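Accompanying notes for the structure given below.
Below, read A as the first sequence line, B as the second, and so on, with proteins coming before strands; counting in each chain starts at 1. Not measured: the values here are computed from a predicted model.
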Amino acid sequence: ETGVTQTPRHLVMGMTNKKSLKCEQHLGHNAMYWYKQSAKKPLELMFVYSLEERVENNSVPSRFSPECPNSSHLFLHLHTLQPEDSALYLCASSQGLAGGIGINEQFFGPGTRLTVL
Amino acid sequence: DQQVKQNSPSLSVQEGRISILNCDYTNSMFDYFLWYKKYPAEGPTFLISISSIKDKNEDGRFTVFLNKSAKHLSLHIVPSQPGDSAVYFCAASAQNQFYFGTGTSLTVIP
């Protein structure tokens, strides 16, 4: 138990569906992240939020829409996804952002296994 | 183009011996390096880190070595234990960006 929870753990959706992934952290952190892990590929950073403001958006297609209503919650809204978007989506949180010694350790949730049909 | 590479997808080591996991990177701007450990059906768990101003950091059985001139990072686990069997990810960070390797699956044989 890392203090970061994700729901749902598994999601199967059609290409025309709209769904949302939820992440919640109970660690008092002020930065949250979404990552995508596809088979045999490294984790890819998608979005970074610090103090509820988006600070990074790594060329992610607009069919992925993040939302951070407060420092404890992070959502990833999904619409009109493609089969190649099937992957493990991981949420993480940290106290502070990269660039500071000792504050880069991220705590990950268990992930949501997404399958797009 | 991958900025962080783990060229060995798997490694098997006898219990009690040393495990050495390797990682190479291409971006000289990285200022912080981390190792994560991942068990099946769980998210990665932070293991150990090192700043670019150091060349070694030790925490119990785990030691990370950084060779900046070679852009090479390694994780040493000694002695290895069966509970260390997991996938190990190397990561590097700079300016709000994190880059991960593809992971090395370590199996410690009892």
Seminar exercise, completed: When the 4.5 angstrom heavy-atom criterion is applied to A:Gln37 and chain B, the contacting part is side chain

Exercise. For the atom pair OH (A:Tyr33) and OG (A:Ser93), what is the distance rounded to the nearest 0.5 Å?
Worked result: 8.0 Å

For this session: Would you check if the side chain of B:Ser85 reaches a backbone N or O of B:Val108 as a donor-acceptor pair within less than 3.5 Å?
Result: yes

Problem set entry | Sequence-distant partners of A:Arg9, salt bridge (charged side-chain N to carboxylate O under 4.0 Å, His left out), two or more places apart | none

For this session: For atom NZ of A:Lys41, decide whether the heavy atoms of other residues, nucleotides or ligands shown that lie under 6.0 angstrom number more than 12.
Result: no

Exercise. Above 12 or not: heavy atoms from other molecules or residues under 6.0 Å from CZ of B:Arg17?
Worked result: no

For this session: Identify the residues of residues 61-70 of chain A whose heavy atoms come closer than 4.5 Å to a heavy atom of chain B, ordered by number, or report 'none'.
Result: none

For this session: Could you walk me through whether B:Phe33 and B:Val64 pass side-chain contact (heavy atoms from CB on, under 4.5 Å), step by step?
Result: CA-CA 9 Å; B:Phe33 302 88; B:Val64 56; 6.0 Å; no

For this session: Let me know if A:Leu43 has heavy atoms under 4.5 Å from chain B in its side chain, its backbone, both or neither.
Result: both

Problem set entry | Interchain contact, B:Gln6 with chain A, by part (heavy-atom threshold 4.5 Å) | neither

Exercise. Does the side chain of A:His77 come under 3.5 Å of the side chain of A:Ser20 through a donor N or O and an acceptor N or O?
Worked result: yes

Could you give the side-chain donor-acceptor pairs of residues 99-106 of chain B under 3.5 Å, partners two or more places apart or in another chain?
{"from": "B:Thr104", "atom 1": "OG1", "to": "B:Ser8", "atom 2": "O", "distance (Å)": "2.6"}

Exercise. What's the verdict on side-chain contact (heavy atoms from CB on, under 4.5 Å) for B:Lys68 and B:Phe30, showing C-alpha distance, side-chain angles and the deciding distance?
Worked result: CA-CA 10 Å; B:Lys68 287 191 292 292; B:Phe30 287 141; over 6 Å; no

Exercise. Would you say A:Glu44's side chain and A:Ser38's backbone share a donor-acceptor pair under 3.5 angstrom?
Worked result: no

Exercise. Using non-hydrogen atoms and a limit below 4.5 Å, what part of residues 107-117 of chain A faces chain B?
Worked result: A:Phe108, A:Gly109, A:Pro110

For this session: Can you measure from CD (A:Gln25) to OG1 (A:Thr5) and round to the nearest 0.5 angstrom?
Result: 9.5 Å

